[in-house]
Protein chains: 2
Amino acid sequence: MNNIRVFLVDDHPVVRAGLRAMLGDLEGITVVAEAADGGAALAGLARLHTLGEPADVVLMDLQMGAGMDGVTATGRIKAGEAGEPPPPVLILTTYDSDADILAAVEAGASGYMLKDAPPEQIRQAVLSAAAGGTALAPEVAARLMGRIRNPEPALSAREVQLLGLLATGMGNRAIAKQLFISEATVKTHLVHIYGKLGVDNRTAAIAVAAQRRIIRRP
Amino acid sequence: MNNIRVFLVDDHPVVRAGLRAMLGDLEGITVVAEAADGGAALAGLARLHTLGEPADVVLMDLQMGAGMDGVTATGRIKAGEAGEPPPPVLILTTYDSDADILAAVEAGASGYMLKDAPPEQIRQAVLSAAAGGTALAPEVAARLMGRIRNPEPALSAREVQLLGLLATGMGNRAIAKQLFISEATVKTHLVHIYGKLGVDNRTAAIAVAAQRRIIRRP
DNA sequence: GGCGGAATCAACCTTTTGGTTGATCGCAGG
DNA sequence: CCTGCGATCAACCAAAAGGTTGATTCCGCC
């Protein structure tokens, strides 16, 4: 049969119920399983796989940190089962900071939707992902477009990553250890970041980055 | 009939669908209306009231800023319609910062639940609120208990003001000029702030203050 | 194959912060 | 009335951050 089998991953029972109600009523889509965190998700995906009825799409909430691992781990399933492509991962989150989007895309997500999206948009995204395509929320797409259009000096992925750590209040030394690089390198990156953001200290960099939604405010 | 009439307020269609599915199936509870923001909520509540079938409970998401106004505004309905008690407002949110909880309780919310709560807990909270009682999520209750036991040192108004400027990326000198005080005084204030927030540098102070909603980053 | 950009590191120096101690002033509460 | 606390300032030292120069490696691209 031509039914799209969806796996829900979200730590909020309310959200899972909402997605179930929203997607389950639709022709051609079936919610086959759910999980509340990344670990349970991987276990569930493996179980479905051994049962011979793998999920077609993983719809996953992007929680800080834990969610991202889920994406990469899902991608790694492929490595173990050569020939079997891993199910596309569709990110569904509340925030739309550049850092999150870049991290998700880099980790191999095939879509990035916002939770305040209308139901039809989410359905379309699921269908698109299942068909092997990609799906970006209009807001997200607009952000990326503007990023290309504008001569606003683009921060490299590494620089954005650094900004994220910066915003947590870590010192240069702590950041260096976290990223397995030297303090000198951290300082070099910071100088570049300051230049691109038109700023001359770390707090101002955080302020600008938060305002431009380059990083997210927790 | 003895049916509890619930009004849903949440800007996420997904969450609304989830709550509808979760509460609607339950005996004695009916979701009578929904709104995506505070303004629509007030309009909807007024409309239901004039129709003679007012809502018994308002289940409201707490978004930064806008949500809180909704609670106070809902409370103000009472003022206009003397004798008619306003429906109890049950807060349902993702975060559980002290500032949010206190603000909600102070604004007159009769409950504070987290979105990752199990369905049964949310149902109980609705029933409790409808009966005129209060409902706090266990995590929230624990937080408040701990706060009473060892109250966190409160920041003075001046210190909060300084934090605000700090978050804009200003250096000590700039802050001093802005506030017409000396740099030495700025440093003294900062030392106090660091002590109270359990932190040892300005970026971490901003991070903690933002997380506790002591300051707000637009 | 070379060119440029990203990422990495080192050494050096200046400026800014952080931390401490101590002091004065004014105001509110017991 | 005196005690405590917030706000204000000073001087000093140590640590961290900011800025510069220069160098290496690894990419992708023309």
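Proteins come first, then strands; the chains are lettered A, B, ... in the order of their sequence lines, and each starts at number 1. Every heavy atom of this structure was used, including side-chain atoms; hydrogens, water molecules and symmetry mates were not.
At a cut-off of 3.5 Å, with distance as the only test, a side-chain donor of B:T185 or B:S182 sits close to an acceptor on the other residue.
Once rounded to the nearest 0.5 Å, the distance linking OH of A:Y112 with CG of A:L92 reads 9.5 Å. In this structure, CG on A:L162 lies 9.0 Å from CZ on A:R202, to the nearest 0.5 angstrom.
Rounded to whole angstrom, the span from the CG atom of B:L179 across to the C1' atom of D:dC9 amounts to 15 Å. Look at CG on B:L190: it is 10 Å from P on C:dG19, rounded to the nearest Å. Going from atom CG of A:L162 over to atom P of C:dC9 covers 12 Å, rounded to whole Å. One interatomic measurement links the two molecules: CZ of B:R173 to P of C:dT15, which rounds to 10 Å at whole-angstrom precision. Taking atom CD1 on B:I175 and atom C1' on C:dT16, their separation rounds to 12 Å, with Å as the unit. To the nearest angstrom, P of D:dC9 lies 12 Å from CZ of B:F180. Across the protein-nucleic acid pair, B:E183 atom CD and C:dT17 atom P stand 7 Å apart, rounded to whole Å. Rounded to an integer number of Å, the gap from B:I193 CD1 to D:dA7 P is 10 Å.
For the pair B:H192 and D:dG6, the criterion of a side-chain N or O lying under 4.0 Å from OP1 or OP2 is not met. Between A:R202 and C:dT17 there is no side-chain N or O to OP1 or OP2 distance below 4.0 Å. Contact check, B:T188 against D:dT8: no side-chain N or O comes under 4.0 Å of OP1 or OP2. A sub-4.0 Å separation between OP1 or OP2 of D:dA16 and a side-chain N or O of A:N172 is absent. The side chain of A:N201 contributes no N or O atom lying less than 4.0 Å from OP1 or OP2 of D:dG18. Taking 4.0 angstrom as the limit, B:Y194 places none of its side-chain polar atoms (N or O) nearer than this to OP1 or OP2 of C:dG19. Regarding contacts with the backbone of C:dT8, every side-chain N or O of A:T185 stays at 4.0 angstrom or more from both OP1 and OP2.
Both B:E159 and B:A184 lie near DNA chain D, and the one whose nearest nucleotide falls closer to the 5' end is B:E159.
Residue A:I181 places its side chain closer to C:dC9 than to any other of C:dG18, C:dA7, C:dC9. When each of C:dA7, D:dG18, D:dC12 is scored by its nearest atom to the side-chain atoms of B:K187, the top-ranked nucleotide is D:dC12.
Remark: the backbone N or O of B:A36 is not paired with any side-chain donor or acceptor of B:D11 at under 3.5 angstrom.
Residues A:V6 and A:V32 form no side-chain contact, since every pair of their non-hydrogen atoms from C-beta on lies 4.5 Å or further apart.
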